[in-house]
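Working notes, structure below.
Since this is a predicted model, take the numbers as computed values, not measurements.
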2 protein chains.
Amino acid sequence: MTNNFELSNNERLVMDVLGRENSPKSAYMILDELRGSGFRAPLQVYRALEKLIGMGRVHRLESLNAFIACNHISCEKTGGTAFVICNRCEHVQEVCDDSVSLFLSGLAKKTKFKASKTSIELHGICDACEDA
Amino acid sequence: MTNNFELSNNERLVMDVLGRENSPKSAYMILDELRGSGFRAPLQVYRALEKLIGMGRVHRLESLNAFIACNHISCEKTGGTAFVICNRCEHVQEVCDDSVSLFLSGLAKKTKFKASKTSIELHGICDACEDA
DNA sequence: CTTTGGTATGTTATAACATAACATTAAATA
DNA sequence: TATTTAATGTTATGTTATAACATACCAAAG
C-alpha cells in the first residue's frame with residue numbers, strides 16, 4: 001500500500017463487499033462473499049479489515065463481532081462514534097456529532113482517563129420497525 | 001432458582017470468582033478456576049453468567065468478551081453504564097450516573113430509537129498508569 | 001406415594017470468531 | 001540485478017460461544 005488513499009487489491013474487494021449495503025457483516029460472511037474472487041482464508045479478510053479500520057473507512061461493532069462501512073467522510077476527526085443498531089431489521093445508524101464527543105470527553109475527564117479507543121453501541125428497535 | 005436473591009450452586013461459584021477481584025475475566029478463565037469445584041464444560045459458566053447478568057450482578061464487556069462483577073448496588077435502575085478500561089493495568093471503572101443516562105436518552109430520542117441494551121466502553125490509560 | 005412438570009445441571013459436539021507462524025510473490029529501489 | 005520491503009497466501013491452532021440431547025432434582029397435583 002503506498003498511501004491512505006489507495007487500497008490494495010484485497011482491501012478494495014473487502015471494501016466493496018461492505019460498501020454494497022449499509023449492514024454489518026462478520027469477517028466470515030465477507031470471506032464467503034469473496035471466495036469467488038479467490039479468497040480462501042480468514043486472514044485475508046482480517047488483514048484487509050485492519051487496514052480499512054485504521055483508515056477510518058470501516059468500523060468494528062464490538063457487540064456483534066461484525067464490521068460496517070463508515071458512512072461519513074471520516075470519523076477520525078471526531079471524538080467518537082455511536083452506533084444505533086436495530087435488532088429487528090439490523091439497520092445501523094452511525095452518530096458522530098458534538099453530543100457524542102462531549103459526552104466522551106466529559107467521561108474521560110471525570111475518570112481521569114486518556115481514551116484511545118471508544119465503543120458506544122445501542123441495541124433495540126428502530127422507528128421504522130416500531131411502526132410496522 | 002426460587003428468586004432473584006438466591007443463587008443456584010453454579011451461579012454462586014461463578015459469582016465468587018468474579019467477586020474476588022474487580023477485574024474482567026473470560027468465561028474460559030472462570031471455567032479453569034472452577035475445575036476444582038467440578039466444572040467441566042463452558043456451558044456451566046455461560047448459563048450461570050446469563051442468569052447473573054439478568055439479575056444485574058454481572059456485566060459483560062463486549063469489547064473484551066469478558067465479564068465483571070457489578071460494583072454498584074444495582075445498575076438496573078439507571079439508564080446505562082459506561083466502562084472505562086485501562087489497557088495497561090486492566091482496571092475497570094464503572095460509571096453509571098445521570099450524564100450517562102442523559103446521553104443515552106438523548107441519543108435514543110435523536111435517532112427515534114427504543115434501546116433495550118447499551119454498551120459504552122472506553123479503552124486507554126488510567127491516571128495511575130499515566131503517572132507511573 | 002407417585003406422576004407430572006419445571007428448573008437446573010451435565011455432556012458431547014460443533015459453530016463462530018480470531019491470530020500465530022511461516023512460505024511465497026511482487027513491487028520498489030539501491 | 002540484488003536487496004529489501006510490503007502484500008499475500010497457507011496451514012494450523014487458539015479462543016469464544018451455542019446447539020442438541022441426557023440426566024437429576026424438587027415441588028405441587030392427583
Side-chain angles (χ1 to χ4, degrees), chain A residues 1-18 23-55 57-68 85 87 90 117 119 121 123, chain B residues 1-18 23-55 57-68 85 87 90 117 119 121 123:
Chain A
M1 185 187 60
T2 55
N3 62 44
N4 281 357
F5 305 105
E6 281 187 25
L7 301 181
S8 78
N9 198 41
N10 286 1
E11 287 156 21
R12 190 177 38 72
L13 287 165
V14 169
M15 196 67 231
D16 286 350
V17 168
L18 287 175
S23 69
K25 306 205 174 180
S26 76
Y28 281 74
M29 288 166 68
I30 296 168
L31 174 57
D32 285 340
E33 287 198 42
L34 290 176
R35 286 196 193 280
S37 308
F39 274 45
R40 303 175 145 275
L43 259 195
Q44 295 174 287
V45 178
Y46 282 109
R47 287 203 273 234
L49 285 171
E50 189 181 1
K51 290 283 174 56
L52 293 166
I53 290 169
M55 295 176 203
R57 303 255 243 144
V58 167
H59 297 293
R60 176 186 168 90
L61 299 174
E62 298 288 351
S63 60
L64 293 177
N65 293 325
F67 305 86
I68 192 165
I85 304 159
N87 289 334
E90 306 218 290
K117 202 181 124 234
S119 158
E121 299 175 17
H123 285 264
Chain B
M1 187 186 61
T2 54
N3 62 44
N4 281 359
F5 306 105
E6 281 188 27
L7 301 180
S8 79
N9 198 43
N10 285 2
E11 287 155 22
R12 189 177 38 73
L13 288 165
V14 169
M15 196 67 231
D16 286 349
V17 169
L18 287 175
S23 70
K25 305 203 174 182
S26 77
Y28 282 74
M29 288 167 67
I30 296 168
L31 174 58
D32 285 340
E33 288 198 40
L34 289 176
R35 287 197 193 278
S37 309
F39 274 46
R40 303 175 144 275
L43 258 194
Q44 295 173 286
V45 177
Y46 281 109
R47 288 204 272 233
L49 285 171
E50 189 182 1
K51 290 284 174 54
L52 293 167
I53 290 168
M55 296 175 202
R57 303 255 244 145
V58 167
H59 298 293
R60 178 188 167 90
L61 299 175
E62 299 288 351
S63 60
L64 293 178
N65 294 325
F67 304 87
I68 192 167
I85 304 158
N87 289 334
E90 306 219 288
K117 201 180 123 241
S119 157
E121 299 175 19
H123 285 263

May I have the distance from B:Leu7 (atom CG) to C:dA8 (atom C1'), rounded to whole angstrom? 13 Å
Rounded to the Å, how far apart are B:Arg35 CZ and C:dT11 P? 12 Å
Classify the side chain of A:Tyr28 versus the base of C:dA15 as yes if they form a donor-acceptor pair under 3.5 Å and no if they do not. no
Without decimals, in angstroms, what is the distance between A:Leu61 CG and C:dC17 C1'? 15 Å
Interatomic distance where CG belongs to A:Leu31 and P belongs to C:dA18 [whole Å]: 13 Å
Check the pair B:Arg57 / B:Glu11 against salt bridge (charged side-chain N to carboxylate O under 4.0 Å, His left out), numbers first and verdict last. CA-CA 11 Å; B:Arg57 303 255 244 145; B:Glu11 287 155 22; over 6 Å; no
Sub-4.0 Å heavy-atom contacts from residues 42-49 of chain A onto DNA chain D, ordered by number: A:Leu43, A:Gln44, A:Arg47
Look only at the side chain of B:Glu90 and the backbone of B:Ser23, and say whether a donor-acceptor pair between them is shorter than 3.5 Å. no
Show the nearest heavy-atom pair for residues B:Ala48 and B:Val14, with the distance to one decimal. CB-CG2, 3.7 Å
Nearest whole angstrom, please: distance from the C1' of D:dT8 to the CZ of A:Arg12. 15 Å
When you get a sec, tell me which of D:dT8, C:dC17, D:dA17 is the closest nucleotide to the side chain of B:Asn65? D:dA17
Kindly say whether B:Ala41 contributes a backbone atom to a donor-acceptor pair with the side chain of B:Gln44 at under 3.5 angstrom? yes
CZ of A:Arg12: more than 12 outside heavy atoms within 6.0 angstrom? yes
Rounded to whole angstrom units, what separation is found between the CD atom of A:Glu11 and the P atom of D:dG9? 12 Å
What is the distance, to the nearest angstrom, from the CG atom on A:Leu64 to the P atom on C:dA18? 11 Å
Residue A:Ser8, side-chain atoms from C-beta onward, closest of C:dT11, D:dT8, C:dT9: D:dT8
Heavy-atom closest contact (A:Ala27 atom, A:Val45 atom, distance): O-CG1, 3.6 Å
Does C:dG10 have OP1 or OP2 under 4.0 Å away from a side-chain N or O of B:Arg40? no
If the cut-off is 4.0 Å, is A:Lys51 near the phosphate of D:dA6, judged by side-chain N/O to OP1 or OP2? no
Would you say A:Asn10 places a side-chain N or O within less than 4.0 Å of OP1 or OP2 belonging to D:dG9? yes
First encountered from the 5' end of DNA chain D, between A:Ala41 and B:Met29: A:Ala41
Interatomic distance, B:Asn9 CG vs D:dC26 C1' [rounded to whole Å]: 15 Å
Nearest non-hydrogen partners of B:Pro24 and B:Ile68, listed with the distance: N-CD1, 4.0 Å
Is the phosphate of D:dT16 approached by B:Arg60 (side-chain N or O, under 4.0 Å from OP1 or OP2)? no
